[in-house]
Amino acid sequence: MTRVFAPLISLFAEATELEEREVAGLLCPPPSAELGDFAFPCFVLAKRLRKSPAQIAAELAERVDSNDAIASAVAVGPYVNVRLHRAPFTSTLLEEVRNQGEQFGSSSSGNGKCVVLDFSSPNMAKPFHVGHLSSTIIGGSLSRLFAYQGYRVVRINHLGDWGTPVGQQITAFKRWGDGTELDRHPIAHMVDLYQRFHREKAENPGLEEEAREWFRKLETGDKEAREFWEHIRSVSIQELNRAYARLNVEFDAYLGEAFYEGMLQETIEEVQKAGITEVSDGALIVPLDSKGIKTPLILRKSDGSTIYATRDIAAARYRAENYRFDLCLYVVAHDQELHFRQLFATLELMGYDWAKRCVHVQFGHVHGMSTRKGGAILLDELLDRATEKVRETVMANQTLFRDVPAAEIDEVCEAVGVGAVIFGTLNHRRTKDVEFSWDNALNFNGETGPYVQYAHARLCSILRKAGDEPRGAANVELLTHDAEWALVKELARFPEVVEEACAQYEPSCVARYAVDLARAFTVFYDQCRVLGEEPELSAARLSLVNTTRVVISSALHLLCMKTPERM
RNA sequence: GCGCUCAUAGCUCAAUUGGAUAGAGCAUCUGACUACGGAUCAGAAGGUUGGGGGUUCGACUCCCUCUGAGCGCACCA
């Protein structure tokens, strides 16, 4: 929380005898700036004081009227609308950002705490398509948000690197694979082979048996199977890291399904010790009726092998023991809701107190992301098209990029194109299904990533032309324009937006804020000239410009977006 | 059949978690300075918040019901 609201909050806390925290939660901007800067709704006091909210508002307005911080307090119906003295508020805010820099908006609320994030988690030897975007980007942004709140963050990629599909991949390669092709285009080649396997298995039932045999060999440590698996896994990770680098996302560990193989026996024994298992149709299950779930969790199949549920229990226990997390977030699509309810319920029945600190951060489907041929759109295809579209605009701006080296132009196009895609997946609440369209994905006007980055580039441009960054305190008394004031108020919101985004696991809060801030700036930019005014006014505005640049850059960073200085 | 999620302007999304006259962008139409970058700004038009009940000072928000959509319901992940 910023100090800027402190005078306002303490004043109302005193007048109403409410806790400061409660007051902070109640204060809100009025529907229109003409009504005032902040509003205090009096409904909660009505019951306690046995008076109508309007009456309370009227009395409260009398009590808090004008002092150092507040210029006026007017009762409008059940609200007390407050107008602030702009200068002290602005002065405090600018000073705070000047002192804290990129740390403005961060907090220490997560100090000493640990959050584990499980996200992205694709299957190995498969293409990285746009279906993986949501988990990857939401997880990536949440990582940064929690780190910003002081948490120790552990980012885990629960890679799909085990199970019968691996046996199928080995079988396909042994039959039709090409070593040099594998070296040149490992993923593409493996995808071709995998698809061929599924085409041919209908006419050749022996293939499935062969695949099971290869997987059995892999499980029992057969050298040939193991070496092939390791090679495919390693090139898959290389390929994935390339995609993650484009998306500005990183992981602390690839702990795939294979990693937990050695723990499964012990895991099953632990579940059995809890006395919650049953044998049903030859399978070992955990009935969950007591938790209101009709479908049991399957611990071991009737053929004796295990499935994902057992591995997820093992993974959860591993994370609890090794990281002692305060929060374990699974950023996984909505389809797996039942599975996670089963998993968490089982962990609770096992008596783990940390089970209730596990959360399924689910998100909706993105529909219509298939190509005409029926396959999914590849990530690179989407990013490349976005980047090329950006290049058209950049190339049209001859004057700005005249002396800029080609490599730097490439960098800008990449930053903006990828930024547009990232922003596109974060600017709506994660639970709702969305419709993908190329028109929308490649529209860079209005509420988009480029709009926010463009505002940042203009801010940088002003600062570049001004020469040195503004230092020291500005004469904030000169910042009297409404557009300046609106921008200042918008800047002050940033810390609570970050807090909100963490509390709800909603990066979209930050995305929405970034647009609001960028808009407040462009309105200011349109109405207030910075350079070439009276030196003192120019300096004051420059100070506001630099503050805005810092905050917009922080917001973009939290969204895993780059902050180009020109575009 | 049961469960989860969703339904807001022509389209894509908001709405400070129960608060003031439901707001933005896209598309459409109209306008903008020989000044810091027009990927911009200002304005117009666009709504019975899927339908119907209920809860209360107040409901897009909570409850019930109906309709529609997406997803999931034991050996895939």
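Every chain is numbered from 1 and lettered A, B, ... according to where its sequence line falls, protein lines coming before strand lines. Excluded from the calculations below are hydrogen atoms, water molecules and symmetry mates; all remaining heavy atoms, backbone and side chain alike, are included.
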**Prompt:** Reckon Asn123(A) has a side-chain N or O less than 4.0 Å from the OP1 or OP2 of A77(B)?
**Reply:** no

**Asked** Contact class for Ser302(A) vs. all strands (heavy atom < 4.0 Å): base, sugar-phosphate, or nothing?
**Response** base

**Request:** Assign the ring pair His367(A) / His365(A) to parallel, tilted or perpendicular, where the plane angle (0 to 90°) is split at 30° and 60°.
**Result:** tilted

**Arg430(A) charged N/C atom sitting above Tyr505(A) aromatic ring, 6.0 Å / 45°** = no

**Message:** Can you check the distance between A69(B) and G50(B), where both ends of the measurement are the C1' atom (answer in whole Å)?
**Reply:** 11 Å

**Prompt:** How far, in whole Å, is A59(B) from U16(B) if one measures between their P atoms?
**Reply:** 15 Å

**Item:** Under-3.5 Å donor-acceptor pair between His367(A) side chain and G70(B) base
**Value:** no

**Item:** Glu388(A) with Arg385(A): basic N within carboxylate O range, under 4.0 Å
**Value:** no

**Message:** Could you tell me how far apart Ile298(A) (CD1) and C73(B) (C1') are, to the nearest whole angstrom?
**Reply:** 12 Å

**Among C4(B), G70(B), G37(B), the one nearest Ala457(A) by side-chain distance** = G37(B)

**Request:** Give a yes or no on this: more than 12 heavy atoms of other residues, nucleotides or ligands lie within 6.0 Å of atom CZ of Arg50(A).
**Result:** no

**Request:** For the side chain of Asn81(A), starting at C-beta, report the closest nucleotide among A20(B), C41(B), A39(B).
**Result:** A20(B)

**Asked** How long is the line joining CD of Gln55(A) and P of C57(B), in whole Å?
**Response** 17 Å

**Item:** Nearest-Å distance once atom C1' is located in both A45(B) and U28(B)
**Value:** 9 Å

**Request:** Please report, rounded to the nearest Å, how far the P atom of G37(B) is from the OH atom of Tyr454(A).
**Result:** 8 Å

**Prompt:** Is any side-chain nitrogen or oxygen of Tyr525(A) closer than 4.0 Å to OP1 or OP2 of A39(B)?
**Reply:** no

**Item:** Dot-bracket pairing map - RNA chain B, Watson-Crick plus G-U, both contacts under 3.5 Å, | cross-strand
**Value:** (((((((..((((.....[...)))).(((((.......))))).....(((((..]....))))))))))))....

**Prompt:** Within the side chain of Arg541(A), is there an N or O that forms a donor-acceptor pair under 3.5 Å with the backbone of Leu531(A)?
**Reply:** no

**Message:** Among A35(B), C71(B), G37(B), which nucleotide has an atom closest to any side-chain atom of Met567(A)?
**Reply:** G37(B)

**Prompt:** Roughly how far apart, to the nearest Å, are U21(B) and A39(B) at atom C1'?
**Reply:** 33 Å

**Prompt:** Could you give the CG-to-P distance, from Asp303(A) to A74(B), as a whole number of Å?
**Reply:** 17 Å

**Asked** Which nucleotide sits closest to the side chain of Val76(A): A20(B), C73(B), C4(B)?
**Response** A20(B)

**Polar pair under 3.5 Å, donor/acceptor by atom type, side chain Tyr308(A), base A77(B)** = yes

**Message:** When the P atoms of G25(B) and A42(B) are compared, how many Å lie between them, rounded to an integer?
**Reply:** 8 Å

**Message:** Using a strict threshold of under 4.0 Å (side-chain N to carboxylate O), is an ion pair present between Glu219(A) and Arg216(A)?
**Reply:** no

**Request:** Would you kindly check whether a donor in the side chain of Ser280(A) faces an acceptor in the base of A74(B), or vice versa, at under 3.5 angstrom?
**Result:** yes

**Request:** To the nearest Å, give me how far apart OH (Tyr330(A)) and P (A77(B)) are.
**Result:** 16 Å

**Request:** Kindly say if Thr431(A) contacts the phosphate of U5(B), meaning a side-chain N or O under 4.0 Å from OP1 or OP2.
**Result:** no

**Fill in**
By nearest-heavy-atom nucleotide on RNA chain B, the more 5' of Ala309(A) and Cys509(A) is Cys509(A)

**Request:** Please find out if less than 6.0 Å separates the ring center of His158(A) from that of Tyr260(A).
**Result:** yes

**Item:** P-based separation of U61(B) from U56(B) [nearest Å]
**Value:** 16 Å

**Message:** In whole Å, measure the gap between the P atoms of G53(B) and G47(B) for me.
**Reply:** 22 Å

**Message:** Output the rounded distance in Å from CD (Gln453(A)) to P (G37(B)).
**Reply:** 18 Å

**Separation of the C1' atoms in G18(B) and C33(B), to the nearest angstrom** = 46 Å

**Prompt:** Is the distance between the ring centroids of Tyr451(A) and Phe444(A) less than 6.0 Å?
**Reply:** no

**Asked** What is the per-nucleotide protein-contact pattern of nucleotides 42-51 of chain B, from the 5' end, where B denotes a base atom under 4.0 Å from a protein heavy atom, S denotes such proximity for sugar-phosphate atoms only, and - denotes neither?
**Response** S---------

**Message:** Please check: side-chain N/O of Gln527(A) versus main-chain N/O of Ala483(A), any donor-acceptor pairing under 3.5 Å?
**Reply:** no

**Request:** In whole angstrom, give the distance that lies between atom CG of Leu442(A) and atom C1' of A39(B).
**Result:** 14 Å

**Asked** Within a radius of less than 6.0 Å around CD of Glu534(A), do more than 12 heavy atoms belonging to other residues, nucleotides or ligands occur?
**Response** no

**Asked** Are Glu411(A) and Lys562(A) within salt-bridge range, i.e. N to O under 4.0 Å?
**Response** no

**Request:** Please determine if Asp37(A) and Lys489(A) form a salt bridge, counting it only when a charged side-chain N lies under 4.0 Å from a carboxylate O.
**Result:** yes

**Request:** Measure from OH on Tyr260(A) to P on A77(B) and round the result to the nearest Å.
**Result:** 16 Å

**Complete:** The contact string for nucleotides 11-16 of chain B, one letter per nucleotide 5' to 3', using protein heavy atoms under 4.0 Å with B, S and - for base, sugar-phosphate only and none, comes out as -SSSSB

**Fill in**
Per atom distances to the Tyr451(A) side chain, the nearest of A74(B), C36(B), C41(B) is C41(B)

**Request:** Using a strict 4.0 Å threshold on nitrogen-to-oxygen distance, state whether Glu59(A) and Lys51(A) make a salt bridge.
**Result:** yes

**Prompt:** Hey, does Ile307(A) reach any base, or is it just sugar-phosphate, or nothing, if we go heavy atoms under 4.0 Å?
**Reply:** sugar-phosphate

**Asked** Can you tell me if Ser141(A) uses its side chain to pair, donor with acceptor, with the backbone of Ile138(A) under 3.5 Å?
**Response** no

